[in-house]
Protein chains: 2
Amino acid sequence: MPDSADTPPYRPLREQIAEKMREGILLGDFPPGSSLPERETSAELGVSRTPFREAMGILSKEGLVTIRPARSPIVANPTVHELTDLLTVQAALEALAGELACETGSREDFEQVAGHHETMLMISDTAPALEFFKADMAFHSAVVAATGNAALMEIHAQNNARLWRVRFLTSSTRYDRDRVLQQHGRIAQTLQNRDKVGASSTLREHLKDAVEKISRIYAKQDGSADHSGATRLNNHNEEEI
Amino acid sequence: MPDSADTPPYRPLREQIAEKMREGILLGDFPPGSSLPERETSAELGVSRTPFREAMGILSKEGLVTIRPARSPIVANPTVHELTDLLTVQAALEALAGELACETGSREDFEQVAGHHETMLMISDTAPALEFFKADMAFHSAVVAATGNAALMEIHAQNNARLWRVRFLTSSTRYDRDRVLQQHGRIAQTLQNRDKVGASSTLREHLKDAVEKISRIYAKQDGSADHSGATRLNNHNEEEI
DNA sequence: GCAAGTATTTTGGTATACCAAGTCTCAAAA
DNA sequence: TTTTGAGACTTGGTATACCAAAATACTTGC
């Protein structure tokens, strides 16, 4: 795995591997639950086990792979219940972000947010699912970035990585993009007005919508034989991505 | 590093090392900012570099050490500003925990919380700082545990590890233990009453107290030559622990 | 035919060797 | 005396070898 272009910053192999694997996992090349034997997988990447193992360590901290003692690492395969729990946390964090941003955000920060919103309005009619989804994520990250709270940004980003897959698989279809855009518009507005409670509650509701949507989508198969909420994502639409 | 006692569960060396180092860092054996050269430090532990490096990876994910490419790992030395930012996040998470616990917590969960509170009341007059502090942390963890939200528990625990040092260094002296106990009593009460807004706001205020206390304690030296909030913990009271 | 136990193989865990980037030192030139 | 650059040395990065635990397959006895 030669470093593709410049080399000036020098990135350790482990990070390059982690990035490649992360991409592969998020894009579904390595489906949830599949195992990643060290020798085989590292050989495919053309690297030795050592940096590969370190890369697995990085991805496990991000929640994308699970590593168990004396067993092959596997691509994380969280239950829907675990994911909605995490999304509930993320909702609270974004609500906090709304508050803090109103208190300390700069005009430039809000323009960033507004910029992302306008982009989404622009591409809404034409963009494929993945592009629209990425723009959606970028909008939310911009809101968090407006707080200037590094810890909040870090935790939020990490949670988003874990949520990437569900959120994409359940992301808005063409038909309810309008609803998302409307909520985003309200969020951008309340921020610019420095309306703490407005921003906070709007963000919270926006994410609560997502939680309910996920629960609804995965509710049926859960009802048949399994009431424990142990449904997993890879039970369906592997084709999406 | 022989495994001290039982060995049945088989814990990988990396985890044993991580635990030992974590303890050493939290207790101040390895002061913030100090470097941890791989050969030397691993040799002191009687292990090779490989599992030591993996342990460093674990601790870096917990925010206790910082690893930079091609340089020795160093014990994390966050600024007071970064820590108050993180504590602000933690406050929001505990407020969320209060809400969720009121909704879904079981009677046993609340009894756990109350139990920790009673322990603190009991030892308040006699316990040394470290013991009282640990009981305090346990109380808060119990509140979060009462939600049954695994993601919340995980993130909360990780934040607590990062905050351990500041929170201990600025933890309540004998003279304001009463204030802490009073607030804890109110928290336990609101939970048992399933008073969502009460629990949430009380927890938030309780943590906001901590943020202000830290800011106050570190305000002076910050004023002299440095208005950037870049004050670091190891500037004083290394003797505490 | 089935089950339990054992041997074999596979695979993660750890140690070690080697490489390359970083740093430090000291000498030589300005 | 100061600065700078070359070389030695230190230290993290990576590859490989070896060890031990799991998993698997096979055999043997019921």
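Given the structure is predicted, the values throughout are model-derived calculations rather than measurements. What's counted below: heavy atoms across the whole structure, side chains too, no hydrogens, waters or symmetry copies. Chain identifiers are assigned alphabetically (A, B, ...) following the order of the sequence lines, protein sequences preceding nucleic acid strands; residue numbering begins at 1 within each chain.
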Distances under 3.5 Å between nitrogen or oxygen atoms of protein and nucleotides 14-20 of chain C:
| from | atom 1 | to | atom 2 | distance (Å) |
| --- | --- | --- | --- | --- |
| C:dT14 | OP1 | B:L13 | N | 2.4 |
| C:dA15 | OP2 | B:S48 | N | 3.0 |
| C:dA15 | OP2 | B:S48 | OG | 2.7 |
| C:dA15 | O5' | B:S48 | OG | 3.4 |
| C:dA15 | N7 | B:T50 | OG1 | 2.8 |
| C:dT16 | O4 | B:T50 | OG1 | 3.2 |

Quiz item: With sequence neighbours left out, what residues match A:Q158 under side chain to side chain donor-acceptor pair (under 3.5 Å)?
Solution: none
Practice problem: With sequence neighbours left out, write down each residue that passes side chain to side chain donor-acceptor pair (under 3.5 Å) with B:E103, or none if nothing qualifies. | Solution: B:K196
Quiz item: With sequence neighbours left out, what residues match A:D109 under side-chain contact (heavy atoms from CB on, under 4.5 Å)?
Solution: A:S106, A:A146
Quiz item: Would you call B:R22 and B:E62 a salt bridge, taking side-chain N to carboxylate O under 4.0 Å as the test?
Solution: yes
Exercise. Sorted by first residue and then second, give each side chain to side chain donor-acceptor pair (under 3.5 Å) pair with at least one member in residues 25-42 of chain A; sequence neighbours left out.
Key: A:E38-A:R49, A:E38-A:R53
Practice problem: Work out which heavy atom in B:V89 is nearest to a heavy atom in B:N159; give both atom names and the distance. | Solution: CG1-ND2, 4.3 Å
Quiz item: Hey, can you pull the residues of residues 62-71 of chain B with a non-hydrogen atom under 4.0 angstrom from DNA chain C?
Solution: B:A70, B:R71
Quiz item: Rounded to the nearest Å, what distance is computed from the CD atom of residue A:E40 to the P atom of nucleotide C:dT10?
Solution: 12 Å
Quiz item: Do B:K61 and A:E54 meet the salt-bridge criterion of a basic N to acidic O distance under 4.0 Å?
Solution: no
Self-check item: Between CG on residue B:L163 and CG on residue B:L86, distance to nearest 0.5 Å
Solution: 4.0 Å
Quiz prompt | Separation of C:dT11 C1' from A:L36 CG (nearest whole Å) | solution = 13 Å
Quiz item: Separation of A:I74 atom CD1 from C:dT11 atom C1', in whole Å?
Solution: 15 Å
